Structures are given as structure tokens and as C-alpha cells.
Amino acid sequence: MLIIPSTAVADHATNPHTPNMHALGHSPHPATFLGEPDGVRHISSDLAFRGRLAFHGNYDGFRVIDIADPDAPREILHQRCNGDQGDIYVRGDILVRSWNSKKTTPRLCDGQTVPAGWEGVHVFDISDLADPALVASVSLPCGSHTLTGAGVSQGRLIVYSNNSSSAGCVDGTRALDDPVGDFMDVIAVPVDDPAAASLIHREPLAGPTTDVRTGCHDAGAILGQVNKVVCASADTINVFDIGANGTPGGSPEDPVLLFTITEPGVGQAGTNGRWHSTIFTWDGKIIAAGWEPGGGAEPECQTTDPAVDKSMFFYDATTGAKLGQWTLPRGQDGVGENCTIHNYNIVPLRSGRYVAIGGHYQAGTWATDFTDPANPVTVGWSDPPAISPPDLGGAWSSYWYNNFIYESSITEGLNVFRLSDRTTAGALRLGHLNPQTQEFSLP
């Protein structure tokens, strides 16, 4: 593949990239992990989409960005909410935001005081985009790291909240054990009364095979004719039925475990990481999974690293059998380049092809065709040079939405790309997208 050389500027248009990966617009939101203390950070996190808007989570709230012109995305609002992580889920006029961990001093969210020691999720009414309103605060003992929707059931929006670090949940009975945090929280948000949002269920998790329990890090849900949830939990992926599958008869409110998946070298004691993200293909037949050696902060994906540390894994979504893996082919050998196979989604294609779009921190944005999961093929990429001076940065997540790729750059803001390649021809256009929630399935 022809490689276009880089210049020294940390600009997505000047990154090394394949000729089919075209850099378009940029919405700036400068930030840093290392130069700003907790409480003032603006780190960009995850994304959701509605129509021609992108909702961009960050450590101090979320931004609303007009993406009608991919060459010139325009911020129209920055809603403040001063709790880290800021993962978001958007459905209609409801936005739910993760507040990851307890704070030692009070903070503010939409001008309302968040007491010291509080953690959980905030629910916003975004019917007025000029002035979103915080309408509910749902306290969760282990906080909320990421959010996944499971559709509307009995007039209630069902949202799964996942904790990554169960600080404060340890009961002291075992070393490195967070038994109280070993669950997936199920939250119900009444569509007609979002202020009445509440925690309705805690789904216990199977595993782990080693003595570390920290709940789901992230989860992927697919509805339509599939109705399953897959949870990236410690060293043990959990796959659940959430309805319309006959026996065992789960529901969005009360998932039922189907089976678990483990992978040698992933998440077990001594591997310096855990499963991070999981998602289904749009037909529900394959699970794609990635993990996070180094916790997202350490230099990883180096040329000398073993393949297991820099791979996306593919499993049969009915049996859990391993089908193959894709290994990042470009070593991240710069000083301090944090890298993992982080957040991604699958292009909605009726062609039957499976194409993943992923953001992998300082490895940047990659497109991978895994139609034959035993022989995946890299389609295109944009890989930034190492940040200088070293910082924790790169692509938090990269997602396909309506024929463009949107990259959440931790320290820069929102970057837009267009991938010109036949593998993604005929992709469906969607009215909205929460990348961890596939609201329909394809045959």
C-alpha cells in the first residue's frame, strides 16, 4: 500500500495515511491529560449521532456539533457537567451521561451542585438544544464508565451502565477483588417523564477466571431479530439474551446469560489489562472484541509486542467459538505512544461484508474488512505521529456514520474522514446512531 508521508504537525490532514483515507473537517476542542488536573480537564471521549448532529462527550460535559458540512463541522453548544469520562447515550430528546467516579469536593452539572462522593448517571432533556436541562441524577455505587441502550420497553428507555474501575466497591474479602462491582446496571428512563429515571436491576456477571472483578467495561447491544448484549468484562466476555429468542427468555430489563468467552493472554493475571469493547456484526452472527493492555495509558502496540496485545478478535455469536483475529500491522514505536484496540463500530452493509471502523488511541483510525474472519484485511488507516512532548492522546473512538468517519481525538476534538473504498459501497444511511447500540439487525 502506498503511504503518504507525514509532516510534524499533529493535524489529521497531515497524518501518515493510506490514499483512500481522506481528511475532511475538524471541530477543535484542545485538552490534555497530563497538563490539566482533574476538575478542569476537557478530554474528549465518546460520540453519538442524531440527524446532522454529533454529540461529543468530554470530561466537562458534552458538545453538540453541526456535522451537516463534513468539511466544516461547527460546535453549537458545550453543556457543562464537571465529572470525568462523559460517555453519552442519546435517544430522541433524552441524553444520558456517565459520571465515572467520586469526587472529593462538590462539582457542578448544568449549574446544579453534585455533592462530593456522588457518582452515577445524569439524564438531560435536550429538546431545546440551546439550553439542555438536567432533569435526573441516578446515583450508582460504582459510578458509570460507559452507556449502552437496549431500546424502549413498556414506555421506558432501557440503558445499561457499565463500571470500569470499581473504586469504593471493594469489600476487603479478597485481594484485588471488587465483588460489589461485578454487575451491569440496568436503568429505566420513562420516555414521557425522564425526570423519573431510576436503577431497576443489577445483572450479575459470570467469571472472571482470575481473582479480579470490575464489572463490564463496555457493552454492545443488537436489537431487531437478534436481541443480544455482549459485555466486555475483566477476562470473561458475557453474552446475554435480551428477548424474542425463546428459551432462556431474557428481556431488556432482565438479561439472561447465554455463554462466556475467554481468550488466552487477555485480561488474566499478569496481562496488564482487560477486555474493553465488544460489538456484533449487523446480522448478529459475529462478535468483535478488543482489550486494553496498559490500561490505555502505557506505550503499547509496539512492533516488538506480541500479537495478542494489539488485536481485534472475532467470535461466533451463537457458540463463542473463535473465528479469527486482526492484528494492527503498523508498530507504534514513538516515545510514549499509548495504543489499544479501543472503540469501534461496524459499517451497516447489505452486501454481507463486515467492515470495522476503529479508533485506537495513538494508532489513529483504522478500517478492517473481516468478512472472512480467519483472514481479515486492512482497508485503510490514518495514523498520527507520536505526540510531542508525550501525552495521552489519539483516537478515543472512530465510527462510521452516514458515509463519513468521525474520530474523537482525546486532545484535539472531532476529526472527520471519508473512506473511498469499494468495501463500504452501499452503506445504509441512518437517522441516528449510538455506536454501542444497533437498533435493528440485517438479514
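The shown structure was predicted, so the numbers you read here are calculated from the model rather than taken from an experiment. The chain is numbered in sequence order, starting from 1.
- Side-chain polar atoms of S382 and H12 form no donor-acceptor pair below 3.5 angstrom.
- For D110 (side chain) and Q112 (main-chain N/O), no donor-acceptor pair under 3.5 Å exists by modelled atom type.
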Step by step, would you call E75 with R63 a side-chain contact (heavy atoms from CB on, under 4.5 Å)? CA-CA 7 Å; E75 179 184 308; R63 297 195 299 148; 2.9 Å; yes

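- A donor-acceptor pair is defined here as one N or O able to donate and one able to accept, closer than 3.5 Å; such a pair exists between the side chain of T437 and the backbone of G149.
- In plain terms, the two heavy atoms of V226 and G284 that are nearest each other are CG2-CA, 3.9 Å.
- Without hydrogens or angle criteria, S45 side chain to Q85 main chain gives a donor-acceptor distance under 3.5 Å.
- Of all heavy-atom pairs between I65 and L414, the closest is CD1-CD2, 3.8 Å.
- A ring-centre distance under 6.0 Å is not found for Y354 and W282.
- In this structure, the separation between CD1 on I187 and CG on L147 is 6.5 Å, given to the nearest 0.5 Å.
- What you find for I67 and P73 is that their closest heavy atoms are CG2-CB, 4.4 Å.
- Y344 places a side-chain N or O within 3.5 Å of a backbone atom of S277 that can act as its donor or acceptor partner.
- The aromatic rings of H276 and H217 sit tilted relative to each other, their planes meeting at an angle between 30° and 60°.
- The minimum heavy-atom distance linking S398 with I405 is given by the pair CB-CG2, 4.4 Å.
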Using the rule given for side-chain contact (heavy atoms from CB on, under 4.5 Å), can you reason through L428 versus L442, listing the C-alpha separation, both sets of side-chain angles and the distance that settles it, and then say yes or no? CA-CA 11 Å; L428 298 181; L442 292 172; 3.8 Å; yes

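- Under the 3.5 Å distance criterion, the side-chain polar atoms of R107 are matched with a main-chain donor or acceptor of N82.
- W396 and H342 have perpendicular rings, their planes meeting at more than 60° on a 0 to 90° scale where under 30° would count as parallel.
- In this structure, R156 and P252 have side chains that are not in contact, with every pair of non-hydrogen atoms separated by 4.5 Å or more.
- Counting non-hydrogen atoms of neighbouring residues, nucleotides and ligands closer than 6.0 angstrom, the CG atom of D192 reaches no more than 12 such neighbours.
- When the options W400, Y401, F417 are evaluated for a side-chain contact (heavy atoms from CB on, under 4.5 Å) with I357, the one that passes is W400.
- Residues D38 and K103 are paired through a salt bridge, judged by an N-O separation under 4.0 Å between the basic side chain and the carboxylate.
- Here the side chains of R429 and N403 are in contact, with some heavy-atom distance below 4.5 Å.
- A donor-acceptor pair under 3.5 Å is absent between the side-chain atoms of T113 and the main chain of P115, judged by distance alone.
- Rounding to the nearest 0.5 angstrom, the gap separating the OG1 atom in T262 from the CG atom in D235 is 7.5 Å.
- Paired with L258 under the rule side-chain contact (heavy atoms from CB on, under 4.5 Å), one option of N238, D241, V229 passes, and it is D241.
- A tilted orientation is assigned to the rings of W366 and W326, their planes being inclined by 30° to 60°.
- Side-chain atoms of L328 and W381, non-hydrogen and from C-beta on, never get closer than 4.5 Å to each other.
- Separation of atoms CD (Q332) and NZ (K310) is listed at 9.0 Å; rounding is to 0.5 Å.
- T327 and S311 form a side-chain donor-acceptor contact under 3.5 Å, judged by distance and modelled atom types alone.
- C231 pairs with exactly one of L205, N162, D218, L257 by the side-chain contact (heavy atoms from CB on, under 4.5 Å) rule, that one being L205.
- Side chain of N227 to main chain of G224: a donor-acceptor pair is present (N/O by atom type, distance under 3.5 Å, no hydrogens or angles).
- Interatomic distance, M184 CE to E203 CD, rounded to the nearest 0.5 Å: 6.0 Å.
- Side-chain atoms of C109 and F124, non-hydrogen and from C-beta on, do get closer than 4.5 Å to each other.
- By the 4.0 Å N-to-carboxylate-O rule, D93 lies close enough to R50 to be salt-bridged with it.
- Looking only at side-chain heavy atoms (C-beta outward), C301 and H360 stay at 4.5 Å or farther from each other.
- In this structure, L129 and F55 have side chains that are in contact, with non-hydrogen atoms separated by less than 4.5 Å.
- Taking the ring centroids of F33 and Y59, they lie under the 6.0 Å cut-off.
- Put simply, the side chain of Q79 does not reach to within 4.5 Å of the side chain of V64, judged on heavy atoms.
- Side-chain contact check for T146 and Q436: no donor-acceptor pair (N or O, by modelled atom type) lies under 3.5 Å.
- Between the side chain of D131 and the backbone N or O of D128 there is no donor-acceptor pair closer than 3.5 Å.
- For R80, the CZ atom sits in a packed shell: over 12 heavy atoms of surrounding residues, nucleotides or ligands are nearer than 6.0 Å.
- Using a distance-only test at 3.5 Å, with no hydrogens or angles considered, no donor-acceptor pair links the side chain of H42 to the main chain of H29.
- For Y406 and F49, the distance between ring centers is under 6.0 angstrom.
- The heavy-atom pair separating S144 from S161 by the smallest distance is OG-OG, 2.8 Å.
- Using a 3.5 Å distance cut-off with no hydrogens or angles, the side chains of N338 and Q362 do pair a donor with an acceptor.
- Side-chain N or O atoms of S397 include none that pairs as donor or acceptor with a backbone N or O of N343 at under 3.5 Å.
- In terms of heavy atoms, Y315 sits closest to A289 at CE1-CB, 4.2 Å.
- Between N100 atom CG and L140 atom CG the span is 11.0 Å, to the nearest 0.5 Å.
- Looking at heavy atoms from C-beta onward, L53 lies in side-chain contact with I76 at the 4.5 angstrom threshold.
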What do the steps show when you test V159 against R91 for side-chain contact (heavy atoms from CB on, under 4.5 Å), and what is the final call? CA-CA 10 Å; V159 180; R91 176 70 181 254; over 6 Å; no

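- With F313 as the partner, the side-chain contact (heavy atoms from CB on, under 4.5 Å) test is satisfied by one option alone out of V308, T278, I261, I341: V308.
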If you apply the rule side-chain contact (heavy atoms from CB on, under 4.5 Å), what do you find for F280 with I286, and how did you get there? CA-CA 6 Å; F280 295 93; I286 295 177; over 6 Å; no

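- Taking the charged nitrogens against the carboxylate oxygens, D383 and R330 do have a contact shorter than 4.0 Å, which makes a salt bridge.
- Considering CD1 of I222 and OG of S441, their distance stands at 5.5 Å, rounded to 0.5 Å.
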